[in-house]
Structure formats: C-alpha cells, structure tokens
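Being a predicted model, the structure only gives us computed values, none of them experimental. In what follows, chains are A, B, ... by sequence order, proteins preceding strands, each numbered from 1.
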There are 2 protein chains.
Amino acid sequence: MSDLLERLRGRGWRMTAQRRVVAEVLDGEHVHLTADEVHSRAVDRLPEISRATVYNTLGEMVSLGEVVEVSTDRRAKRYDPNAHRPHHHLVCARCGAIRDVHPSGDPLADLPADERFGFTVSDVEVTYRGVCPSCAAAA
Amino acid sequence: MSDLLERLRGRGWRMTAQRRVVAEVLDGEHVHLTADEVHSRAVDRLPEISRATVYNTLGEMVSLGEVVEVSTDRRAKRYDPNAHRPHHHLVCARCGAIRDVHPSGDPLADLPADERFGFTVSDVEVTYRGVCPSCAAAA
DNA sequence: TCCTACGATGGACTTTGTCTAAGTCAAGTG
DNA sequence: CACTTGACTTAGACAAAGTCCATCGTAGGA
C-alpha cells in the first residue's frame, strides 16, 4: 500500500478511483513526474481519467502539503511526493534525470541581513546542475 | 550607451535596429523582464518588431553568455543581463519583485560527495522566497 | 553601389495549464 | 439497503508562453 495514499486517507480525503490512481502513480523515492506523465501513467490503469482531474488532484495534494512542486527544467512543473523530508534537487543537464539531495549547511543562514533588502525571507530552493554518470559515460 | 550593447558589439555581433532595441530594453541592474515584457517595451521604440525576433534575440544573448535565464515564478522565463557577476535571486511571494543577492558561502561546497550520486556537478541555482517590505506594509 | 548571407516577419502550431457546465458517485442518513 | 447531496469528474474550449517555417528585408563587405 502506498505511503502517500495512506497519509491522504488519514486526512479524511474523499477517496475515488481517480485519486487513488494518481496517488499510486506518484508514490516512491526520487519520483519527479510532470502532470502529463502522471496523466499518461494514470490512463494505463484507468483509461477514462481526464487531464483536468489529474491537475486538480495534484493541486490538492500540493495544498495539503503531501506533494511539492518542483520546476527544475523550464518546461512543465514536476511533482515530488517526498514532501516530509526537506531536500533539494540535482539535475542532469543532458538527460534531465533528477535526484533528491540533502546538502549540509543552511543556505538561508548564508544570506546576510544587508543582502535581504528588508524582505522577510522564509524559504529557499536550491537546484544543482551537472552531468549524470550514464550521460558522462555516453559522451 | 548600454553596457550590454557594448559587449555584444565587441563580439562581432551583426547589429540591427531590432537587436539594438532589445539590448537597450534589457540593460541595467535588478532587471528581470519576461520575453513578453521585453517585447512590449521594444514595441514602444520600434513598433514593427515581432515576437519571434525578440525570442530569437534573447536566445542568442543567452547562448553568448551575456544574459541569463531565470525562472523564479513558474510562469514565463525572465532574462537577467547581469551575467558577469554570479548571483542568486530573492523573490517576493506576493508581488513577484526580484532582487539580485550575493550569499556568503558556496552552496556547491555544501553538497557532500555521497550526495552527488556520481554526477559531475557544475552549477547551482538558489532562489530565496519571502515577502518584500512594501507587501509586508500593505498586509 | 551591389550582393548575398544572415536576420526579421507574421502566422500557424505546440505545450502546458485553467475554466466551465453538466453529469456521476462516495459516503452519511434513516 | 435505498436515498440524498455535495463533492468529484469529464470533455472540450480557452489562454499563455514559446517554437517553427517560408518569405522578405537589410547590414556590411567587395
């Protein structure tokens, strides 16, 4: 049984076939699918599921804080079910592969007061870019 | 005379009215315009300039390394002519205002080898989020 | 001044995402 | 177990951001 599904159920989420399928597709580690990828995988299990439902469902999971949006490339948003361990992302510039990473140190603390321009800074998002082992081997 | 224009000229870039206008619109500090904003400002000076030209020109400036793409919100890419001083961005979550910031410390060094998954990591992009002084005052 | 390759144009097309009106169904009630 | 109701789903239209292409125009060298 999917962890994500378990958590959502525990919040009194109304359960439907569509929501179950979306949650199942999205479950796991290092999972970073676009809405479209989620939709096409969902369709494999539930052919009549609509795009709008996938978007709605993803949006709700994000509001509930069970999934986070990531935009590592400049195309579509990706959805990351690993919302309970704060982490950043490492992206392959060639193939787009994404890994979750946990840097040491706190980037928030690295922003001096005189570089804050009076902002109340609450959050930081870090994206590392490089080349993954298999792309490096292929080169 | 625009710094950016000066640099581009120095690289043997073929100069046209359209390219000049785009470079002029984009020049300055803390400038982070979307392609569409660049286009509409360019149109003020050169009414017949086309969208495709603005996109092409911005794309070339990016390839030449004279301008960097930033995607701070999840909508349109923004273009930052401040390409020669490495920096990160601080974004207001309410109004979208963007400032260039220079954190102390090196986030690249904060990524331990065992969190690199064999990647050759070459670059980091950091986006701070918060609330700017004027939005805080308005709240 | 003339040529020509590079740049510009605009309109069609694609991708990603949002909205709406109408139909469907999960789950609480009796 | 059937009923009811409001929340959920659907298809398709719409919108925003960006790309592509055939054709025309022009910067800059000969």
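Heavy atoms of Thr53(A) sit under 4.0 angstrom from at least one base atom. At the heavy-atom level, Arg51(B) lies under 4.0 Å from base atoms of the strands shown.
Taking atom CD of Glu48(B) as the reference point, atom P of dG25(D) lies 13 Å away to the nearest angstrom. Distance Tyr55(A) OH to dA13(D) C1': 15 Å, rounded to the nearest Å. Between the C1' atom of dT26(D) and the CG atom of Leu46(B) lies a distance of 13 Å, rounded to the nearest Å. We find that CG of Leu33(B) is positioned 14 Å from P of dA17(D), with the value rounded to whole Å. Rounded to an integer number of Å, the gap from Glu60(A) CD to dT9(D) C1' is 11 Å. Protein atom CG of Asn56(B) is 9 Å distant from nucleotide atom P of dT19(D), rounded to whole Å. Computed from coordinates, the Asp36(B) CG to dG18(D) P distance equals 8 Å when rounded to whole Å.
The nucleotide range of DNA chain C contacted by chain A, defined by atoms under 4.0 angstrom from heavy atoms of the protein and reported 5' to 3', is dT15(C) to dA27(C).
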Less than 3.5 Å apart, which donor and acceptor atoms pair up between the side chains of residues 127-139 of chain B and the rest of the protein, not counting sequence neighbours?
| residue | atom | partner | partner atom | Å |
| --- | --- | --- | --- | --- |
| Tyr128(B) | OH | Pro107(A) | O | 2.9 |
| Arg129(B) | NH1 | Thr72(B) | O | 3.2 |
| Arg129(B) | NH2 | Glu125(A) | OE1 | 3.4 |
| Arg129(B) | NH2 | Thr72(B) | O | 3.0 |

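Checking the phosphate oxygens (OP1, OP2) of dT26(D), no side-chain nitrogen or oxygen of Gln18(B) falls inside 4.0 Å. Put simply, Ser50(A) has no side-chain N or O that comes within less than 4.0 Å of OP1 or OP2 on dT9(D). Between Arg14(B) and the phosphate of dG28(D), there is no side-chain N or O to OP1/OP2 separation shorter than 4.0 Å.
The aromatic rings of His30(A) and His32(A) are tilted relative to each other, their planes meeting at an angle between 30° and 60°.
Contact annotation: the side chain of Trp13(B) approaches that of Arg19(B) to within less than 4.5 Å [non-hydrogen atoms, C-beta and beyond]. Counting heavy atoms from C-beta on, the side chains of Val54(B) and Ile49(B) come closer than 4.5 Å. Here the side chains of Val101(A) and Phe117(B) are in contact, with some heavy-atom distance below 4.5 Å.
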Practice task
Before giving the answer on side chain to side chain donor-acceptor pair (under 3.5 Å), spell out for Asp100(A) and His88(A) the whole-Å C-alpha distance, their side-chain angles and the decisive distance to 0.1 Å.
Solution key: CA-CA 6 Å; Asp100(A) 292 354; His88(A) 297 294; over 6 Å; no

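Annotation: of the two residues near DNA chain C, Trp13(A) and Thr57(B), the 5′-most nearest-nucleotide partner is Thr57(B). When each of Ala17(B) and Arg75(A) is assigned the nucleotide of DNA chain C with its nearest heavy atom, Ala17(B) is the one assigned upstream, toward the 5' end.
Arg99(A) has no carboxylate O lying under 4.0 Å from a charged side-chain N of Glu115(B), or vice versa, which leaves the two without a salt bridge.
Here Leu26(B) contributes atom CG and Leu5(B) contributes atom CG; the two are 11.0 Å apart, rounded to the nearest 0.5 Å.
Leu4(A) and Pro81(A) make their closest contact through CD2-CB, 4.2 Å (heavy atoms, listed as atom of the first residue, atom of the second, distance).
Checked against dG28(D), dA17(D), dA13(D), the side chain of Ala76(B) finds its nearest nucleotide in dA17(D).
If one axis is set at each end of the helix from dT1(C)-dA30(D) to dG30(C)-dC1(D) from five pairs, those axes are 20° apart, to 10°.
The neighbour count for Arg85(A) CZ, taken as heavy atoms of other residues, nucleotides or ligands under 6.0 Å away, does not exceed 12.
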